[in-house]
2 protein chains.
Amino acid sequence: MNRVLLIEDDLQMQGLIKEYLERFHMDCFACSTPGEALEALKKERFDIAVLDLMLPQMDGFDLYKEMKKIADIPIIISSARGDIGNKITGFELGAEDFLAKPYDPRELVLRIEAALKRGQRSTLYKIGDLTIDEANRRIFIEDYEIELTKAEFDVLLALIKNRGKTLSREQIVALASLDPQTRRRTVDMHISNIRQKIGDDPKKPKYIKSLWGIGYRFE
Amino acid sequence: MNRVLLIEDDLQMQGLIKEYLERFHMDCFACSTPGEALEALKKERFDIAVLDLMLPQMDGFDLYKEMKKIADIPIIISSARGDIGNKITGFELGAEDFLAKPYDPRELVLRIEAALKRGQRSTLYKIGDLTIDEANRRIFIEDYEIELTKAEFDVLLALIKNRGKTLSREQIVALASLDPQTRRRTVDMHISNIRQKIGDDPKKPKYIKSLWGIGYRFE
DNA sequence: TGTTTTATTGACAATTCCTTGAAAATTTAG
DNA sequence: CTAAATTTTCAAGGAATTGTCAATAAAACA
């Protein structure tokens with residue numbers, strides 16, 4: 001059962017939404033102040049949060065940031081239309097979704113469901129400075145993105161998924177789903193290009209080690 | 001019967017619109033000055049208002065705010081195209097809908113009906129200069145509307161809803177609910193057209209990036 | 001119906017990537 | 001230490017992909 005943290009200062013609205021969410025089999029914890037929200041977030045596990053930006057004690061944007069620090073769950077922002085104005089938008093803030101008030105509770109349910117479904121985030125492999133986002137096919141090195149070609153990405157991913165294991169060139173071709181006719185030298189070339197792009201020196205490699213006469217190994 | 005408050009200083013236009021609305025079974029109260037408008041709003045109930053921004057005695061934006069204070073009904077703003085310019089858009093102000101003049105009275109009728117039926121307001125995606133109004137299927141770039149075809153809109157929306165994610169052409173077809181038989185090259189063509197219309201250069205794209213051998217990604 | 005708009009497709013150029021041979025560098029074996 | 005084997009890298013050629021024009025088919029519209 002999905003747990004929803006609802007932050008809404010209008011108590012009437014709060015009750016209505018909570019009722020709705022529960023009718024759709026969601027466990028909803030509702031609160032009306034930033035303090036309560038942060039408290040709850042520290043103590044309990046939530047799958048998603050719905051945050052009304054117009055709160056009294058604390059600026060909604062600050063609360064958003066505080067929440068993200070405590071638990072990195074998707075946050076749907078709601079706000080009276082027009083209040084956002086020239087300021088930063090919910091999306092720019094990184095919100096999962098954005099709803100203008102007044103909204104239909106049914107729509108909120110749909111958006112929560114969509115966000116949770118979407119939120120099946122792709123696997124991240126983090127090794128040293130490297131971060132590999134599998135489904136999105138993106139590579140970062142210390143927060144800077146590195147652009148790899150299709151084959152390079154597939155080779156690197158195969159190595160990382162089998163890190164610690166020594167792979168022959170033939171195995172790499174198979175694991176990376178390259179054209180089965182790919183020659184051994186071509187694999188070398190891909191490795192060379194990858195090393196160059198991620199800044200790995202073949203002589204004293206941090207990531208991809210060459211095993212003389214055998215193949216390569218990621219470590 | 002729906003009551004419409006029309007604020008329009010061009011008396012000829014005013015008469016035309018009023019006549020149209022009444023033909024479509026709407027009760028229309030027309031006025032040509034801010035004073036009359038506020039007066040009417042205080043005294044009578046309206047379901048929706050249509051406000052022409054170019055009024056003499058008072059700045060249209062101020063009038064908009066005054067009206068919202070008196071009665072929080074949806075307000076459709078009309079304005080000579082281009083007059084909005086760099087300023088705040090009708091949307092940012094919180095307008096229910098926005099019409100560039102000159103407009104077809106029939107379109108106004110449709111939009112009023114849509115606004116009333118909707119009751120709740122549609123989501124806006126704002127990314128950089130782009131604003132996408134999902135329910136109204138309209139796209140704005142720096143407050144100017146861009147016209148996309150159905151397929152183009154659906155493709156762009158799919159990309160935006162999955163921004164940051166790398167999508168194959170097949171995924172785009174599915175996410176945009178295009179004809180499942182749509183060929184890969186057709187997707188390219190849609191992307192090309194979208195890019196041209198939103199002014200995105202494929203060589204150094206601000207919005208839609210091509211991933212060689214993989215697909216596209218919105219960022 | 002005829003007219004206009006939109007989607008699709010082929011063609012071609014431009015671009016990017018993969019492959020390959022060979023030279024240079026490195027490692028291993030004798 | 002020298003020679004052979006292997007890896008690394010360069011650079012060029014060729015293959016595949018993408019961008020876009022223009023023509024056509026399909027669809028929407030009046």
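All chains are named by letter (A, B, ...) in the order of the sequence lines, taking the proteins before the strands, and each is independently numbered beginning at 1.
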With distance as the sole criterion, is a donor-acceptor pair present between the side chains of [X] and [Y] under 3.5 Å?
{"X": "Ser78(A)", "Y": "Arg111(A)", "value": "no"}
{"X": "Thr166(B)", "Y": "Arg137(A)", "value": "no"}
{"X": "Tyr216(B)", "Y": "Asp188(B)", "value": "yes"}

Please determine which of Ile7(B), Ile112(B), Leu5(B) meets the side chain to side chain contact (heavy atoms under 4.5 Å, CB included) test together with Val50(B).
Ile112(B)
Euclidean distance, atom [atom1] of residue [X] to atom [atom2] of [N] [Å, nearest integer]:
{"X": "Asp179(B)", "N": "dA27(D)", "atom1": "CG", "atom2": "C1'", "value": "12 Å"}
{"X": "Arg185(B)", "N": "dT18(D)", "atom1": "CZ", "atom2": "P", "value": "7 Å"}
{"X": "Asp188(B)", "N": "dC21(D)", "atom1": "CG", "atom2": "P", "value": "14 Å"}
{"X": "Gln181(B)", "N": "dA27(D)", "atom1": "CD", "atom2": "P", "value": "11 Å"}

Mark yes or no for whether [X], through its side chain, and [Y], through its backbone, hold a donor-acceptor pair below 3.5 Å.
{"X": "Asn136(A)", "Y": "Arg138(A)", "value": "no"}
{"X": "Arg195(B)", "Y": "Ile208(B)", "value": "yes"}
{"X": "Asp10(B)", "Y": "Met13(B)", "value": "yes"}
{"X": "Lys126(A)", "Y": "Ile132(A)", "value": "no"}
{"X": "Gln171(A)", "Y": "Ser168(A)", "value": "yes"}
{"X": "Gln14(B)", "Y": "Leu11(B)", "value": "no"}
{"X": "Lys150(A)", "Y": "Trp212(B)", "value": "no"}
{"X": "Glu152(A)", "Y": "Thr149(A)", "value": "yes"}
{"X": "Lys209(B)", "Y": "Glu219(B)", "value": "no"}

Does Arg23(B) CZ have over 12 foreign heavy atoms under 6.0 Å away?
yes
Those residues of residues 145-168 of chain A lying under 4.0 Å from DNA chain C by at least one heavy atom:
Thr149(A), Ala151(A)
Is there a residue in residues 192-200 of chain B whose heavy atoms reach under 4.0 Å of DNA chain D, and which residues are they?
Ser192(B), Arg195(B)
Boundaries of the chain B footprint along DNA chain C (any atom under 4.0 Å from a heavy atom)
dT6(C) to dC17(C)
Given salt bridge (Lys or Arg N to Asp or Glu O under 4.0 Å), test Lys206(B) with Asp129(B) step by step and report yes or no.
CA-CA 10 Å; Lys206(B) 249 170 67 182; Asp129(B) 292 341; 3.4 Å; yes
Trace of the salt bridge (Lys or Arg N to Asp or Glu O under 4.0 Å) decision for Glu170(B) with Arg184(B)
CA-CA 7 Å; Glu170(B) 289 75 10; Arg184(B) 323 181 76 238; 3.0 Å; yes
Taking five pairs at each end, how big is the angle between the two axes of the helix from dT1(C)-dA30(D) to dG30(C)-dC1(D), to 10°?
40°
Pairwise N/O distances under 3.5 Å, protein to nucleotides 14-17 of chain D:
{"unit_1": "dT17(D)", "atom_1": "O3'", "unit_2": "Gly213(B)", "atom_2": "N", "d": "3.4"}

Nucleotide N/O of nucleotides 22-26 of chain D paired with protein N/O under 3.5 Å:
none

Less than 4.0 angstrom between a side-chain N/O of Tyr216(A) and OP1 or OP2 of dT6(D), yes or no?
no
To check you understand the geometry: which heavy-atom pair defines the closest contact between Ile48(A) and Ile73(A), and what is its length?
C-CD1, 3.8 Å
Could you give me the CA-CA distance, side-chain angles and deciding distance for Leu178(A) and His190(A), then say whether side chain to side chain contact (heavy atoms under 4.5 Å, CB included) is met?
CA-CA 11 Å; Leu178(A) 301 184; His190(A) 288 319; 4.2 Å; yes
